[in-house]
Amino acid sequence: MSAPPGIDPGWAGSRRLLRLLRDLMKGKGSSQTRLDKVVDLIAQDIVAEVCSIYLLRSGDVLELFATKGLKPAAVHKTRMRVAQGLVGLIAAQARPVALADAQSHPNFAYFPETGEEVYQSLMGVPIMRGGRVLGVLVVQNRTQRNYTEEEVEALETVAMVLAEMLTGDSLLDVTAAGSAAAAGTMPARLSGMVLNEGLAIGTAVPHQRGIVITQVVAEDPEAELRRLDGALGKMREALDVMLARSDVARDGEHREVLETYRMFADDRGWMRRMHDAVRGGLTAEAAVQKIQNETRARMAAIKDPYLRARLADLDDLGNRLLHHLLGLEEKREEDLPNDMVLIAADLGPAELLDYDQSRLRAVVLEHGAPTSHVAIVARALQIPMIGRCGGIGTEVREGDRVIVDGETGQVLLRPSPAVLAGFAESMANKERQREAYRAVRGLPSVSRDGEAVSLLINAGLMIDLPHLRDGGAEGIGLCRTEVPFMIRDSFPDVPTQTEIYSKILDTADGKPVVFRTLDVGGDKVLPYWRGGDEENPAMGWRAIRIGLDRPALLRRQLRALLHAAAGRTLSVMFPMVSDVAEFEAAKDLLQREIEREKAFGDRLPAQIRVGAMLEVPALALQLPQLLPRCDFVSLGTNDLVQFLFAADRGNPRLARRYDALSPAVLGFIRQIARQAAEHGKPLTACGEMAGHPLEAMALIGCGIQRLSMAPQAIDPVKTMVRGLEVEPLRDCINQLLTLPDHSIREQLKSYASDRDVPI
Ligand code: PEP
Ligand code: MG
C-alpha cells in the first residue's frame, strides 16, 4: 500500500532527520546558509512542498528568514506582526496550528510576494526556548492534508532542535532576544498584582537562568530512557526529603498543596509523554523541555486559576527533573545574595522552598494568581509576592537593585539612589509604626469615651489562624470557607470538611467563629463545579444562589459544620442573600440537616446562630422582615459598595472613581445600623473598609460596633479606636451626611487630625 501524497506517515519522529540537523548544527557555514539547509532538509524529509522559518525581531515582528518552496525574493522581505496571519497567530498563542484548508481560516493573511496562494494546507509550530517564542516553523502542502497529531508532535521536536541551533547564533543578535539584551540599564517601573503584602529592597536573582541543553538528539534512545527514569527516581527521593523537612509542610492548606504536588511526580500521563518524546529521538533533557514547552503553551490559554496552578506544578517538576538530569541539583547557596528578590515567569511551591528563606526578601512573578500554590506557600512564609508583573522577565538583569512595593503592586528596577533612599526611609517608618501599633496588644478596644468596639479577623487560610491567638482579636468575624475547596481536585467530602472546620474551632479555642458558607461562582472557580461563562460573573450564579439551586452541596457543608461544632457554638452565615425568601430557604436546608442529625442521634452544637451577609442592596430594604428571622447580620462592604455604585470592584479603571466614604454609602450603612440596633441584632462590617483606620472610624460613626478585618489591620484599627471619642464623631458624621459632596474623606481626615485620632 502506498503512502498518501504529502507527509510520509513513517516520518513522525524521524531520528534520521534529527541526526542530520544535529550534524548541521555542528557544521561550518554562515547562519543563513545553515538555515537554508535546514529548510531544505525538513522539506525533503517530510515531503512537503514548502518549509519556512520565521524569526521574531524586536517590535513583535516576525520575518521570513529562510524558505524552501516560497519565492526566494520574499526572504527578509515578508514580515508580519505577532497575531497577524496564521504565522503570527502561532507565535501569539505559542501553540501549533494544523489546517487542511488554511485559506479559509479567519486569520489567513495573504502575502503576494511569497507566491503561497497555491498551497492549501499548512502546519506550523512555535520555535520556543525557555518559555519564549523565538519564531515559527511552517510546512505547507499543495493538496488539502489533514495533518495528524503525530506529525504536529514531530514538527515540534524539530522546532526544539532548531531553537537550540538558534541560541547563541549570530542570527538571533538581530532578533527580539538580542534587542531585549540591550535594555536593562535605565530605571524601570512595572506593575503587578499583590499576591502577598509587604515591602522589600533587594538584589534581583532570576530564577532558573542558564539551564542550557546542549544535547538534543539522542545517540542511544534506550540509554536516554534509563537516564530519564533514573532522574525521576532521584527527584522523587529528594522531594520526599525536602517536604518532610519543610516547616510549612506540616500544617494547613500548604501541606495539602505540597502533597498534591508530590503526587504529580508519579503522574503516568506526564511520564508517558516524556517517554514518547525520547522514543521520538530526543535526549532525556530535551524530552523534558519539550513537554514543558507544551505545558506552558497550555497554561497561556487557560484562564481557570485552579487548572493553571496544576499546570504550574507540572512545570515546576519539569525544572526539577532537568536539574537532576543535568547534575545541577545542588544550589550554589553561597553564590546567592543575602537580600534576594527572586524573579521568575512562574514558580512552583516546592521551588520556592528550595531557596534559603532567610535570604529571600521578595518574589516577583510574570504570572501567578492569588490562588496559585506558590502564593499560598509565600503567605505561609510571609514573603512579599507580586504576580502578573508583565515584562519583568525581559526587563530585569541579574544583580539589579529592586524595590518591591507589596502594597501598591509596583516593582522598581534599578531605582535611582534618591528613590532607593526614600523607599528605605518609608520602610523604616512603617516598621517603627508597626512597633508602635504593637503597644496596643493586650489592651482593650475601647474608645476614649468608653464605647467598646469588637475587633475580629477575616480568615480564609489556616495560616491566618495563629493571628487569632497572638493578634488581640476577639474572634473570626468572617471565615471564608471557599479557599479549602479551591485547592482540591474534587469536592471535599463531609469528613474532610468536618476536619477542616474542627481544626478552625479548635484553634479559635472558644473565641467566636462565624463560618460563611461557600461563596464560589464568578471568578472563584472550582474545577469540579462549573457554571459556564457569564457576562457579569459578580452578579451571576454565585454564592447562596448556587447553594439553593444545588442543595446537596450546601447541605453537605452544613452537615460538616454541625459535626465540627458538636457541643460548641456554631455561627453560620449565608453569602449574597438578595431577599428574605432566600434566607428562609437556606435556613430550611440547615433545619433539615439538624433534623437529620437528631434522627441519627448525633450530638448537636450547644448553640446554633444563623446570619445573613448583607451585600445586595435589595436586602437592606427588607430589614424589618429579615432582622426578626436572623441572629446577626454581616455587612459585606466590598460587594455592597460595588452594587451601590454599579462599579466592578475588580476593575482598576474604576478603582478611584467612587469613594466608599461618600454620603450615599455611609448614609445607607447608618440606616442599616440603626435598624439592627432597634432589633437588638449584632451587625458586623467585614469588607476591606473595616481594616482601614479612617474608614473604620467612619463606620463607627455610622453606628457599627463590630469590625472584622485582615489580621494585620487589628493593631492600627485598635490604636485608632483607643484615640477616638465616639459621641462627637457621630454628630459630625450626621452633619457631613447632609452634604451633596462626592466624598467626605477629606473632612473625616481633618476631623481625625484636629482631635489627634491616630489614623
Ligand atoms: C464583601 O463582599 O465585603 C465580603 C466580605 O465578601 P468577599 O470579599 O469574600 O466577597
Ligand atoms: Mg462578598
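Counting convention: from 1, in listed order, for ligands and their atoms alike.
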Is Arg516 in contact with ligand 1, taking contact as a heavy-atom separation below 4.0 Å?
yes

Which atoms of ligand 1 have any heavy atom of Asp639 under 4.0 Å away?
1 (C), 2 (O), 3 (O), 10 (O)

Classify the ring geometry between Tyr658 and Phe645 as parallel (under 30°), tilted (30 to 60°) or perpendicular (over 60°).
parallel

Under-4.0 Å salt bridge between Glu695 and Arg745:
yes

Quick one: report the N, O or S atom of Glu615 that is nearest to the Mg ion (ligand 2).
OE2

Considering only N, O or S atoms of Asp639, the one closest to the Mg ion (ligand 2)
OD2

Using a heavy-atom cut-off of under 4.0 Å, does the side chain or the backbone of Asn458 touch ligand 1, or both, or neither?
neither

At under 4.0 Å between heavy atoms, is it the side chain or the backbone of Leu478 that contacts ligand 1, or both, or neither?
side chain

Using distance alone, determine whether Glu482 and ligand 1 share an N or O pair under 3.5 Å.
no

Pick one of side chain, backbone, both or neither for how Glu688 approaches ligand 1, counting any non-hydrogen atom pair under 4.0 Å.
neither

With sequence neighbours excluded, residues passing salt bridge (charged side-chain N to carboxylate O under 4.0 Å, His left out) with Arg722
none

Test your reading of the model: is there a side-chain donor-acceptor pair from His563 to the backbone of Ser502, 3.5 Å cut-off?
no

Check ligand 1 against Asp519 and write out every atom of the ligand that is under 4.0 Å from a heavy-atom position of the residue.
10 (O)

Does a side-chain N-to-carboxylate-O contact under 4.0 Å join Asp715 and Arg441?
yes

Should you measure from each heavy atom of Gly636, which atoms of ligand 1 turn up under 4.0 Å away?
1 (C), 2 (O), 3 (O)

Should you measure from each heavy atom of Gly687, which atoms of ligand 1 turn up under 4.0 Å away?
3 (O)

Short question: side chain of Glu615, backbone of Met576 - any donor-acceptor pair under 3.5 Å?
yes

Classify the side-chain pair Asp588/Gln591 by whether it contains a donor and acceptor separated by less than 3.5 Å.
no

Near Cys686 (heavy-atom distance under 4.0 Å), the atoms of ligand 1 are 5 (C)

Using a strict threshold of under 4.0 Å (side-chain N to carboxylate O), is an ion pair present between Asp506 and Arg568?
yes

